[in-house]
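Notes for the one structure printed next.
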2 protein chains.
Amino acid sequence: MEEKDFLQSLGYIGFATRLKRISDSFLHDGRKLYKELGLDIEPNWYIIFKILKLEKKLSVTEIAERVQMSHPSVITLTDNMIAAGYVKTRRGRVDGRVRMLELTRKAKIRLPELEKMWDAGEVALETAFRDINGLEVIGEIERRMNHKGFKDRAMHELQKRVNRSTKHKKA
Amino acid sequence: MEEKDFLQSLGYIGFATRLKRISDSFLHDGRKLYKELGLDIEPNWYIIFKILKLEKKLSVTEIAERVQMSHPSVITLTDNMIAAGYVKTRRGRVDGRVRMLELTRKAKIRLPELEKMWDAGEVALETAFRDINGLEVIGEIERRMNHKGFKDRAMHELQKRVNRSTKHKKA
DNA sequence: TACATTTGTGTAGTTAACTACGTAATATGG
DNA sequence: CCATATTACGTAGTTAACTACACAAATGTA
C-alpha cells in the first residue's frame with residue numbers, strides 16, 4: 001500500500017537521512033511562510049531573537065554555547081541580522097576581544113508581530129504531533145545519542161558479533 | 001535540572017533545528033565510523049548501494065524518484081561513487097538521454113562487508129529507540145507533514161486567530 | 001514532417017551547518 | 001615582567017541538500 005518511499009523500507013539505516021529531509025522541508029516551508037507574510041526575516045533568526053530577548057546582551061561565544069551551535073554559525077546568523085538592522089554589536093569594555101550582541105529598537109518593535117507568528121507555528125505543531133508526543137520523542141533521542149553516540153553504539157554491536165563468532169570457534 | 005539546552009526550552013519552534021542537529025550528528029558519527037573501520041565509503045552511499053542492489057540498473061531520474069531526492073543530489077552522490085569505483089554508468093540504448101547506473105564488481109564484492117556494518121547500525125538504533133518507537137514516530141511525522149505542510153498549518157492557525165478577533169469586534 | 005513540448009541530464013549558484021586555522025587580546029607563571 | 005598559554009572572534013574551505021536554468025533527445029501534434 002504505502003510502498004512509495006524506498007528510505008522508509010530501509011528501517012533505521014535511513015533514519016538520519018529522513019530526519020534531515022523533514023528538517024529541510026520545515027526550513028523550506030518556514031521560508032515560504034515568512035515570504036507570504038511579507039516579513040523580511042529568515043527562518044533561523046528566531047533563535048537569536050529569542051535568546052537576546054531573554055538575556056538582553058550576550059557575546060558570540062555565549063550565544064554559541066547556549067544554543068549549542070558553533071560560533072561561526074552564530075556569526076553568520078547575526079551578521080545577516082545586523083545587515084537587516086535587527087541586531088547591534090558593541091565591543092566588550094572590560095575584554096577587548098569579545099563582541100556583545102543585542103537587539104535593536106527595530107527588532108523590539110517587530111518582536112510582538114513575530115511572536116504572534118511563532119506562537120501560531122508552535123500551536124500548529126503542538127496540535128499536529130500531540131498524540132505522538134513528537135517533542136518528547138525527539139528530546140529522548142537527543143538525550144540518548146548525547147549519552148552514547150551512533151558510532152559507539154554501532155561499534156559495540158559489531159563487537160558483540162565478533163565476540164559471538166569467536167566463542168563459536170572456541171566451542 | 002536539565003535546563004542546559006536553550007532550544008529545548010523553546011518547544012516546537014526549535015523542532016526543525018533540533019532534527020537537523022540530530023541528523024548532522026548521525027552523519028558526523030557515521031563518517032567517523034567508516035573511517036575507524038578503514039572503509040573508503042561515505043555515509044549516504046548506502047542509499048545507492050541498497051537501491052542498485054535491489055534493482056540492478058536504474059537511471060538518474062528513477063533513483064531520484066525512488067529515494068525522494070533531487071536529481072542533482074543523485075548525480076553528486078553517484079559521481080563520487082563512480083570515482084571510487086563502486087558504480088558504473090551506461091548510456092540508455094533506446095533513449096539516448098538517459099544514463100543507467102549499476103553497481104560494479106568491486107561494489108558487489110564489498111557489499112557483504114558493508115551490509116554487516118549497516119546491520120550492526122540498524123540493530124544498535126533499533127535497540128536504542130525500540131521503547132519510544134522512534135521509527136514509527138518519524139514515519140508519522142513524515143506522513144502528516146506530507147499531507148499538510150508546516151506553512152499551511154501555521155497559516156491556518158494564524159487565520160483562526162484573525163477570525164477570533166474579528167468575531168470579538170463584531171460581538 | 002516541421003515545430004512545440006516534454007523529459008532526462010548536467011551545471012551553477014544558494015543555504016546552513018560544520019571543522020580547521022589564523023590573529024589579537026588577555027591571563028598565567030616562573 | 002616577559003614568554004607562553006588560553007580565549008574570543010574571524011575567515012576559509014567542506015558537505016549535503018536544494019532550486020533554477022541550460023541543453024539535447026524524444027515525443028506529440030497540426
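Since the structure is predicted, the reported quantities are computational estimates derived from the model, not experimental observations. Letters A, B, ... mirror the listed sequences (proteins, then strands); counts begin at 1.
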Would you say the side-chain atoms of [X] pair up with the backbone N or O of [Y], donor to acceptor, closer than 3.5 Å?
{"X": "B:Glu122", "Y": "A:Ile13", "result": "yes"}
{"X": "B:Arg18", "Y": "A:Ile138", "result": "no"}
{"X": "B:Tyr12", "Y": "A:Leu135", "result": "yes"}
{"X": "B:Arg91", "Y": "B:Arg97", "result": "yes"}
{"X": "B:Thr104", "Y": "B:Ala107", "result": "yes"}
{"X": "A:Lys106", "Y": "A:Ala84", "result": "yes"}

Rounded to the nearest Å, what distance is computed from the [atom1] atom of residue [X] to the [atom2] atom of nucleotide [N]?
{"X": "A:Gln68", "N": "C:dA16", "atom1": "CD", "atom2": "C1'", "value": "17 Å"}
{"X": "B:Glu65", "N": "C:dT7", "atom1": "CD", "atom2": "C1'", "value": "11 Å"}
{"X": "A:Glu62", "N": "D:dA8", "atom1": "CD", "atom2": "P", "value": "9 Å"}
{"X": "A:Lys20", "N": "D:dC18", "atom1": "NZ", "atom2": "P", "value": "7 Å"}
{"X": "A:Leu27", "N": "D:dC18", "atom1": "CG", "atom2": "C1'", "value": "10 Å"}
{"X": "B:Leu7", "N": "C:dA16", "atom1": "CG", "atom2": "P", "value": "15 Å"}
{"X": "B:Phe26", "N": "C:dA17", "atom1": "CZ", "atom2": "C1'", "value": "17 Å"}

Practice problem: Residues of residues 29-55 of chain A with any non-hydrogen atom less than 4.0 angstrom from an atom of DNA chain C: list those, numerically ordered, please. | Solution: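 Residues of residues 29-55 of chain A that come under 4.0 Å of DNA chain C are, in numerical order, A:Arg31, A:Glu42, A:Asn44.
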Quiz item: Considering residues at least two apart in sequence or located in another chain, which fulfil the side-chain contact (heavy atoms from CB on, under 4.5 Å) criterion with A:Lys148?
Solution: A:Asp152, A:Arg153, A:His156
Practice problem: Any chance you could pull the hydrophobic cluster mates of A:Met100, using side-chain heavy atoms under 4.5 angstrom and chaining through other members? | Solution: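 Answer for A:Met100: A:Val98.
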Practice problem: Compare side-chain N and O positions of A:Thr61 against OP1 and OP2 of D:dT7 and report whether any pair is under 4.0 Å apart. | Solution: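 So the side chain of A:Thr61 is outside the cut-off, no N or O lying under 4.0 Å from OP1 or OP2 of D:dT7.
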Quiz item: Shortest non-hydrogen contact from B:Pro43 to B:Gly30?
Solution: CG-C, 4.4 Å
Quiz item: Closest heavy-atom contact between B:Leu103 and B:Lys88?
Solution: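 Looks like O-CE, 4.0 Å.
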Self-check item: DNA chain D-proximal residues of residues 79-102 of chain B, any heavy atom under 4.0 Å
Solution: B:Val94, B:Asp95, B:Gly96, B:Arg97
Self-check item: Nucleic acid contacts - residues 69-78 of chain A versus DNA chain D, non-hydrogen atoms under 4.0 Å
Solution: A:His71, A:Pro72, A:Ile75
Practice problem: For B:Phe49, check ring-ring contact (aromatic ring centres under 6.0 Å, His included) against everything at least two apart and list the hits. | Solution: B:Tyr86, B:Trp118
